[in-house]
Amino acid sequence: MSDNKNSSDTNNEQTKSLNFIEQFIEEDLSQGKNDNRIHTRFPPEPNGYLHIGHAKAICLDFGIAEKYNGKCNLRFDDTNPSKEEIEYINSIKEDIHWLGFDWEDREYYTSDYFQKLYDFAVDLINKGLAYVDDQSAEIISEQKGTPTEAGVESPYRNRSVEENLELLKRMNNGEFDEGARVLRAKVDMASSNMHMRDPIIYRIMKVPHHRTGNKWNIYPMYDFAHGQSDYFEGITHSLCTLEFEVHRPLYDWFIDQLKDSDYRPRQIEFNRLNLTYTVMSKRKLLQLVEQNYVEGWDDPRMPTLSGLRRRGYTALSIRNFIDKIGYTKYEAMNDITLLEHSVREDLNKKANRVMAVLDPLKVIITNYPEGEEEELETVNNPEDPEAGSRTLPFSREIFIERKDFMEDPPRKFFRMGPGREVRLKSAYIIKCEDYKKDHETGEIIEVYCTYDPETKSGSGVSRKVKGTLHWVSAKHAFNAEVRLYDRLFNDETPDGHKDKDFIEFLNPDSLTILKNCKLEPSLKSAVKGEKFQFTRLGYFCVDNKYSKPGAPVFNRTVALRDTWSKIKKK
RNA sequence: UGUCCGAUGGUGUAAUGGUAACACAGCUGGUUUUGGUCCAGCCGUUCAAGGUUCGAAUCCUUGUCGGACAACCA
């Protein structure tokens with residue numbers, strides 16, 4: 001099964017209304033801006049793994065380029081060598097490809113532009129638009145003012161061009177300690193926009209960079225690098241999240257000093273992805289990893305792309321989900337059930353149905369000849385005729401799900417109980433004649449049934465019975481580990497409480513490991529990443545970390561919709 | 001007491017001056033050898049008040065509520 005197969009879902013754009021970004025772009029196109037060229041970029045910082053919120057940006061950046069016959073660059077925003085690692089770069093590239101996008105040969109790094117940015121800084125100094133400030137971070141911060149009060153100008157603001165040039169050179173030579181001096185743009189300390197109050201554009205960091213080594217002792221701030229990098233790359237539309245809206249005037253100010261034509265990237269901000277029952281900030285995800293609340297960035301409970309992939313989510317289901325939630329300027333909270341719906345929708349069409357009993361209860365069919373066995377045919381996927389069929393071994397002793405038997409069942413329980421008849425899926429109708437119980441513990445040990453040989457599946461003889469159960473032949477089943485995942489948090493907005501830390505809302509039952517599951521023999525050869533529907537239970541995927549050849553470990557991606565559990569609650 | 005940005009069912013989006021639509025969730029019921037899938041049905045006078053207009057979710061004004069902004073992070 002391929003994750004990246006495009007279905008018609010992604011191709012019905014002609015009937016779909018444009019989002020506000022596409023509208024802006026089509027306006028620009030109709031006005032002939034940038035010679036009708038469309039060029040976007042996805043600019044991650046390589047300081048963590050990509051999560052589903054990044055996927056929203058990726059789908060937009062690459063999607064817009066695809067839709068309008070343009071290009072999308074991948075650019076690593078690597079301006080802070082103290083936080084960034086090559087491991088992250090590799091995972092980011094893998095995740096983008098997995099989602100089904102490609103940047104061809106346009107893999108760029110902000111560090112590629114360090115020299116150009118430095119030259120631009122020198123240029124600003126020469127124009128009297130930048131200065132070296134000798135004050136400490138604390139003092140600079142105090143002088144910045146507040147959103148309602150203007151800041152005050154630094155005493156170093158009007159140094160001579162020569163002195164500024166000299167000091168910048170010495171900063172970069174490593175002659176000063178980290179934090180001793182910074183380079184600031186000379187904009188407006190009284191601006192109502194805090195970002196315009198003489199922002200810091202270079203700081204001293206005596207840290208080797210993963211690409212430039214020890215060449216630099218000063219590194220540009222993000223705000224001094226990002227907009228210009230877009231400009232250097234000829235980006236026409238810089239799409240980013242809402243919080244950068246207030247940065248836009250500063251980016252424009254820098255480009256004003258830099259540009260030599262009418263061209264300038266147009267920044268458009270959209271809402272970030274928020275999901276119920278999870279957290280999305282990289283800082284918080286990093287905390288979950290570092291403090292071992294999860295097993296790593298790719299823990300199947302994480303909203304990271306590697307986590308979702310390991311959980312069994314398909315790339316298409318994530319893309320469809322993102323398509324459904326849309327892009328607006330309203331800070332929305334998206335219901336996780338829509339993501340779950342998207343993966344069920346995709347897997348329903350693609351995943352073969354198989355027999356797996358997670359909590360086994362033995363059933364002995366007393367009138368089935370001892371030692372006899374037969375192969376019963378079963379359809380692989382009723383939603384996909386192409387999927388064909390296979391056979392299932394059947395014999396006198398089988399396992400059913402413990403929950404499918406009740407000693408004293410209520411009226412609406414359509415499963416097995418004393419004297420009741422149920423169908424075994426793709427096999428026979430059986431009737432419960434008796435059962436053995438451990439009176440100490442109350443545990444049901446075995447159930448004794450008779451089968452009706454006339455009711456074999458496909459024989460045409462079928463009485464109406466209310467329930468159909470999944471099962472595996474005891475003799476042919478093999479034991480496997482199955483991991484049931486639930487939501488990582490039991491609160492809708494774990495990081496939305498002012499007085500409580502999000503860690504307090506961790507769901508203690510987010511992972512249940514079952515070691516004694518009975519699986520049909522065909523599953524023995526399942527390969528890493530392969531996806532199935534365990535009949536009546538949910539969608540499961542072969543774990544790519546713990547599985548061994550011949551000994552697959554299964555992750556539950558998502559349970560099937562469960563009407564019975566709702567009836568039970570009433 | 002600042003600047004910027006928002007507000008349409010429980011949730012997310014659409015309607016771009018002309019009958020408020022779609023999806024998810026929830027609730028009914030039907031089909032079913034998965035209590036799955038599928039099918040049918042139910043669930044909103046668009047934050048408020050004024051204005052413009054034959055006509056306003058849409059345009060204007062004022063207000064209310066929410067978010068962002070004061071890292072040598074990105």
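Just so it is clear, the model here is predicted, and its values are computed rather than measured.
Ring geometry for A:His51 versus A:His54: interplanar angle of 30 to 60°, hence tilted. Using bins of under 30°, 30° to 60° and over 60° for the plane-to-plane angle, the ring pair A:Phe254/A:Phe120 lands in the perpendicular bin. Ring pair A:Tyr428/A:Tyr451 is perpendicular by interplanar angle, where above 60° counts as perpendicular and below 30° as parallel. In this pair, A:Phe114 and A:His209 present their aromatic rings perpendicular. The plane angle is above 60°, beyond the 30 to 60° band.
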Protein proximity profile, nucleotides 31-43 of chain B - base contact B, sugar-phosphate-only contact S, no contact -, cut-off 4.0 Å on heavy atoms: --BBBBB------
Sequence-aligned protein contact record of nucleotides 62-74 of chain B, with B where the base is within under 4.0 Å of a protein heavy atom and S where only the sugar-phosphate is: -----SSSBSBBB
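At whole-Å resolution of the value, CZ in A:Phe270 and C1' in B:rU13 are 16 Å apart. A:Arg272 places its CZ atom 16 Å from the C1' atom of B:rG6, with the value rounded to the nearest Å. Rounded to whole angstrom, the span from the CD atom of A:Glu149 across to the C1' atom of B:rG2 amounts to 10 Å. Atom CD1 in A:Ile322 sits about 18 Å away from atom P in B:rC24, given to the nearest Å. The separation between A:Asp335 atom CG and B:rU11 atom P is 10 Å, rounded to whole Å. Here B:rA25 presents its P atom at 12 Å from CG of A:Leu339, a figure rounded to the nearest Å. Rounded to an integer number of Å, the gap from A:Glu22 CD to B:rA14 C1' is 13 Å. As a whole-Å value, the separation of A:Leu338 CG from B:rG26 C1' is 15 Å.
Checking B:rC43 for Watson-Crick or G-U wobble geometry (two distances, each under 3.5 Å) identifies no partner in any strand. Partner assigned to B:rA15 is none, using Watson-Crick or G-U wobble distances below 3.5 angstrom. Pair assignment for B:rC59: B:rG51, on the basis of Watson-Crick or G-U wobble contacts that are both within less than 3.5 Å. The partner of B:rA68 is B:rU3, by the rule that a Watson-Crick or G-U pair needs both atom distances under 3.5 Å. Base pairing of B:rC24 is made with B:rG10, judged by Watson-Crick or G-U wobble geometry with both donor-acceptor distances under 3.5 Å.
The gap from the P atom of B:rG6 to that of B:rA15 amounts to 16 Å, rounded to the nearest Å. As rounded to the nearest Å, B:rC59 and B:rC38 have P atoms that lie 38 Å from one another. Distance check on atom C1': B:rA70 versus B:rA14 gives 38 Å, rounded to whole Å. Taking atom P in both B:rG29 and B:rC69, one finds a spacing of 49 Å when rounded to whole Å. Annotation: B:rG9 and B:rC4 have their P atoms spaced 27 Å apart (nearest Å). Nucleotides B:rU58 and B:rG18 have their P atoms positioned 12 Å apart, rounded to a whole Å. One C1' atom belongs to B:rA56, the other to B:rC42, and the distance between them is 29 Å to the nearest Å. Straight-line distance between the C1' atoms of B:rC65 and B:rA48: roughly 10 Å, to the nearest whole Å.
The aromatic ring centres of A:Phe232 and A:Tyr113 sit less than 6.0 Å apart. A:Tyr202 and A:Phe224 have their aromatic ring centers within a separation under 6.0 angstrom.
Between the A:Asp230 side chain and the A:Ile235 main chain, no donor and acceptor come within less than 3.5 Å of each other. Looking only at distances, a side-chain donor or acceptor of A:Glu178 sits under 3.5 Å from a matching main-chain atom of A:Lys206. No donor-acceptor distance shorter than 3.5 angstrom exists from the side chain of A:Asn47 to the backbone of A:Lys83, with no hydrogens or angles considered. For the pair A:Asp133 (side chain) and A:Val182 (backbone), a donor-acceptor distance under 3.5 Å is absent.
The residue A:Ser82 sits apart from the nucleic acid: no heavy atom pair falls under 4.0 Å.
Shown are A:Ile89, A:Asp95, A:Ile96; of these, the side-chain contact (heavy atoms from CB on, under 4.5 Å) with A:Ile92 is made only by A:Ile96.
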Between protein and nucleic acid, restricted to nucleotides 44-47 of chain B and to nitrogen or oxygen atoms under 3.5 Å apart, what atom pairs and distances do you find?
none

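By the 4.0 Å N-to-carboxylate-O rule, A:Glu233 lies close enough to A:Arg75 to be salt-bridged with it.
Looking at heavy atoms from C-beta onward, A:Thr455 lies out of side-chain contact with A:Val465 at the 4.5 angstrom threshold.
Comparing A:Lys56 and A:Lys329 by the nucleotide of RNA chain B whose heavy atom lies nearest to each, the residue mapping closer to the 5' end is A:Lys329.
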